[in-house]
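Let me begin by presenting the structure, written as structure tokens, before commenting on it.
Lettering of chains follows the sequences in order, A, B, ..., and the numbering in each one begins at 1.
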Number of protein chains: 2
Amino acid sequence: MITIKEMAEMLGISTTTVSNVINGKTSEVSQKTAEKVQKLLDEYDYVPNMNAKNLAQNHSRLIGIVLKRRKDKYENIFTDPFHGELLGALESAIREQGYYMMIYISEDIEEIVRNIVGWNTEGLILIGMLHDDYLKIRSKYKKPAVLIDSYTPKNIARYVNIGLDDEEGGYLMTKYLLDCGHRKIAFLADNMEGVDYIRYTGHQRALQEYGLDIDLDNLIVIRPSKYERQGSMEEIYAVAHKFTAFMCCSDYYAVTLMKYLKAKGIRFPEDLSITGFDDNLYAQLACPSLTTIHQDIFQRGTIAAEYLFKMIDGWNPKTTNLSLPVRLVVRDSVKLLNPPEDDSSDDSSAL
Amino acid sequence: MITIKEMAEMLGISTTTVSNVINGKTSEVSQKTAEKVQKLLDEYDYVPNMNAKNLAQNHSRLIGIVLKRRKDKYENIFTDPFHGELLGALESAIREQGYYMMIYISEDIEEIVRNIVGWNTEGLILIGMLHDDYLKIRSKYKKPAVLIDSYTPKNIARYVNIGLDDEEGGYLMTKYLLDCGHRKIAFLADNMEGVDYIRYTGHQRALQEYGLDIDLDNLIVIRPSKYERQGSMEEIYAVAHKFTAFMCCSDYYAVTLMKYLKAKGIRFPEDLSITGFDDNLYAQLACPSLTTIHQDIFQRGTIAAEYLFKMIDGWNPKTTNLSLPVRLVVRDSVKLLNPPEDDSSDDSSAL
DNA sequence: TTGAAAGCGCTAACAC
DNA sequence: GTGTTAGCGCTTTCAA
């Protein structure tokens, strides 16, 4: 690794001059010296030392992606295609801007914060963050940050959230199930704080529109760690006979659950209808293919990055809570119990 | 962000002392000063500046994951569950060691090399790398590196590859198809340089064992970019009637292809048998569920990280080419054409 | 157009 | 035990 200083010495010129031609400040340096320097640069494959550069300029060109590992959740968070797709979108957007991506995952939010500020991270994308964690990060980290899939119910901090119309998603799906004649619908969530809760409010709205009561027994909260998932599944199996439809908060859960219950002898959709949320490849591949709510994840990542870079450029947005559109995708996992009451406006079609 | 210098001034002591207590060198500093310093540390939430630290110590605590984006391949590489799972395994192994993970993706290997050396990356995990690219990296980067899924046919450079017994995988699957009575088997790969080629040699071995000729028309190379995939699929559809079985080099391709061909009216496995490779969640969810070759991806990531950290610790391995075991997983995507010739030893069972 | 010099925040050799 | 000092590789004022 050759350094600026070494090259300056070889050429008998100053480091300033070398630095100037490296950084393309052509007006500061004569044609002739520029060429001499450029020649050395090429010859020795000079690569600037990022640490030195960052230290001198007090920046880092680092964008942090923070994912809080919930110990009750994924053992491997990248396994979920939602995160995979999102990451891909973010990665390319970040690299396009000449920035670098660093991923921070931990159960311990303090550790995450330490790493973020230690690396002098210039911007943050916070995924699936709960309100308290957001505040913790915000109290130590003042640079731009964009949320994805985070609900911050209290109106304390300024924030930008690239969200989804989750309420509408919950509503659309519930309405569809009701239209299909289902009345005993279980709602399966994996927490009641984040997006799942909002989807649940949409669920409630549809029920109310139908003049139906909200029965809390119909709300099933999955405990999704590998070990506990098994336990959850057994519990769910035990009550499955009480319902005609399972409405799940993600394709992943729907598909996993379906696999488990199939092995127990339950047939889909003959014995039980099931729906997902996200519309990823799983939904298309499952048997039966899954009726679900579609969202465009790649777009979300792209938009989040766009906002972040505008903020890094100095733009100061007011609190914004984007609700990207969702749509119902009807496939084969819901059984028609009664003809729909009305000729409902579901013109959605299988992808 | 408070600095060591500032704290030293506040306490009227030297930066060395502060640095010593930060780094737990308790023997170098008196109980009393240590406490004073610790108090300030806590009070101001001191976090060391990584760039400064790295510069001073000439290290980085960075492990680079390099993925060469092939412009003819994935538009979003993380979408493939293989990469997702691998990344998850690597991430946790890396963080456990107190290192940080940086992902380098590009079509341009020169750019990747620049970033790697610019960040002073201390170790590399190279995924699915071709031989030439490996040499290019190696010519500029001398620190530890571990390959995953890379075949370096020429015996030039020392290397460590955490591979799979791909030959055996190709063999097992082909033998199984032959045992099931298939004679017109298409082999679908997406390149003929890396692991797919080795799998193909296993395929050939099985054919030879059966005294069958190798017909190059049976080798179909998929061009997998989004746009071209469609084209490839049409071509494949056009020749599908010539075969009784499609042997694919990944579950992903198998499942995608199956979806396309189903839409064209082909029934699986009645009209056409199909097999995968990897045994990820797709294989289990597909309809029919996929007969495939199982590999343990998480284990691979863990082992790769283990090797890398041992090398960083100074261990100097000789060239090693691990072949992690594979096994056949029989599910429902292969039709039995004739009774097997012998009572073959497939005691593999659906997962 | 060029260069000297200070500084980014931290570490480490060495002297006290 | 503690402090002085130089230095990691680069940028950046400011003066020449």
Side-chain angles (χ1 to χ4, degrees), chain A residues 1-38 40-41 44-62 98 100 114-122, chain B residues 1-38 40-41 44-62 98 100 114-122:
Chain A
M1 285 295 19
I2 198 166
T3 68
I4 287 190
K5 195 175 160 197
E6 285 165 358
M7 303 177 76
E9 274 165 12
M10 295 170 75
L11 257 31
I13 61 178
S14 79
T15 59
T16 310
T17 306
V18 178
S19 172
N20 278 144
V21 2
I22 288 169
N23 293 298
K25 299 187 183 167
T26 44
S27 60
E28 310 276 301
V29 48
S30 77
Q31 179 79 12
K32 251 187 70 182
T33 31
E35 276 166 15
K36 277 198 314 198
V37 172
Q38 190 57 54
L40 259 202
L41 250 30
Y44 285 91
D45 274 322
Y46 170 78
V47 177
N49 179 317
M50 289 295 181
N51 279 314
K53 194 169 184 163
N54 292 344
L55 183 59
Q57 300 189 140
N58 188 34
H59 70 198
S60 68
R61 306 251 132 208
L62 236 36
Y100 300 88
R114 266 196 310 276
N115 292 336
I116 289 168
V117 330
W119 279 98
N120 202 0
T121 312
E122 295 194 64
Chain B
M1 285 296 18
I2 198 165
T3 70
I4 287 191
K5 195 175 162 198
E6 284 165 358
M7 302 177 75
E9 274 166 11
M10 294 170 75
L11 258 30
I13 61 177
S14 80
T15 59
T16 310
T17 306
V18 178
S19 172
N20 279 144
V21 2
I22 287 169
N23 292 298
K25 299 186 182 168
T26 46
S27 60
E28 309 276 301
V29 48
S30 78
Q31 179 78 13
K32 251 186 72 181
T33 30
E35 276 165 16
K36 276 197 313 198
V37 173
Q38 191 57 53
L40 260 202
L41 251 31
Y44 285 90
D45 274 319
Y46 170 79
V47 177
N49 179 318
M50 289 294 181
N51 280 313
K53 194 170 182 160
N54 292 343
L55 183 59
Q57 300 190 140
N58 188 33
H59 69 198
S60 68
R61 305 251 131 207
L62 237 33
Y100 299 88
R114 267 196 309 276
N115 292 336
I116 289 168
V117 330
W119 279 97
N120 202 1
T121 312
E122 294 194 62

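- A straight line from CE of B:Met7 to C1' of C:dC10 spans 14 Å, rounded to a whole angstrom.
- Two residues are said to be in side-chain contact when any heavy atoms from C-beta on lie closer than 4.5 Å; B:Ile4 and B:Tyr46 meet this criterion.
- The CE atom of A:Met10 sits 12.0 Å away from atom NZ of A:Lys36, with the distance rounded to the nearest 0.5 Å.
- Proximity of A:Leu62 to B:Trp119: side-chain heavy atoms (C-beta onward) are separated by under 4.5 Å at one or more points.
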Using a cut-off of under 3.5 Å, enumerate the N/O to N/O pairs linking the protein to nucleotides 6-10 of chain D.
| unit_1 | atom_1 | unit_2 | atom_2 | d |
| --- | --- | --- | --- | --- |
| D:dC8 | O2 | B:Ala56 | N | 3.2 |
| D:dG9 | N2 | A:Ala52 | O | 3.3 |
| D:dC10 | OP1 | A:Tyr46 | OH | 2.4 |
| D:dC10 | OP1 | A:Asn49 | N | 3.3 |
| D:dC10 | OP2 | A:Ile4 | N | 2.7 |

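- Judged by distance alone, with hydrogens and angles left aside, the side-chain atoms of B:Asn49 form a donor-acceptor pair with the main-chain N or O of B:Asn51 at under 3.5 Å.
- A:Ile13 comes within 4.0 angstrom of sugar-phosphate atoms only, judged by non-hydrogen atoms across all strands, and of no base.
- Atom P of nucleotide D:dT2 and atom CG of B:Leu11 are separated by 11 Å, given to the nearest angstrom.
- Side-chain nitrogen and oxygen atoms of A:Ser30 include none within less than 4.0 Å of the OP1 or OP2 phosphate oxygen of C:dT1.
- Inter-residue side-chain proximity for A:Val117 and B:Asp45 is flagged as unmet; no heavy-atom pair is nearer than 4.5 Å.
- With hydrogens and angles left out, the side chain of B:Thr16 and the base of D:dT4 share a donor-acceptor pair within 3.5 Å.
- Residues B:Thr33 and B:Ser30 bring a donor and an acceptor atom of their side chains to less than 3.5 Å of each other.
- Checked by atom type and distance alone, the side chain of A:Glu28 never pairs as donor or acceptor with a backbone atom of A:Asn20 at under 3.5 Å.
- Proximity of A:Lys25 to the phosphate of D:dT12: a side-chain N or O atom is located under 4.0 Å from OP1 or OP2.
- With hydrogens and angles left out, the side-chain atoms of A:Ser14 and A:Thr17 include a donor and acceptor closer than 3.5 Å.
- Judged by distance alone, the side chains of A:Asn120 and A:Asn58 do bring a donor and an acceptor atom under 3.5 Å apart.
- B:Met50 has its CE atom 13 Å from the C1' atom of C:dG9, to the nearest Å.
- Rounded to whole Å, the distance from CD on B:Glu28 to C1' on C:dA15 is 14 Å.
- A rotation axis mapping the C1' atoms of four pairs onto the next four is fitted at both ends of the helix from C:dT1-D:dA16 to C:dC16-D:dG1 over five pairs, and the angle between these axes is 40° to 10 degrees.
- The interatomic distance linking A:Asn54 (CG) with C:dC10 (P) rounds to 15 Å, in whole Å.
- Residue B:Gly118 is out of contact with every strand shown, counting any heavy-atom pair closer than 4.0 Å.
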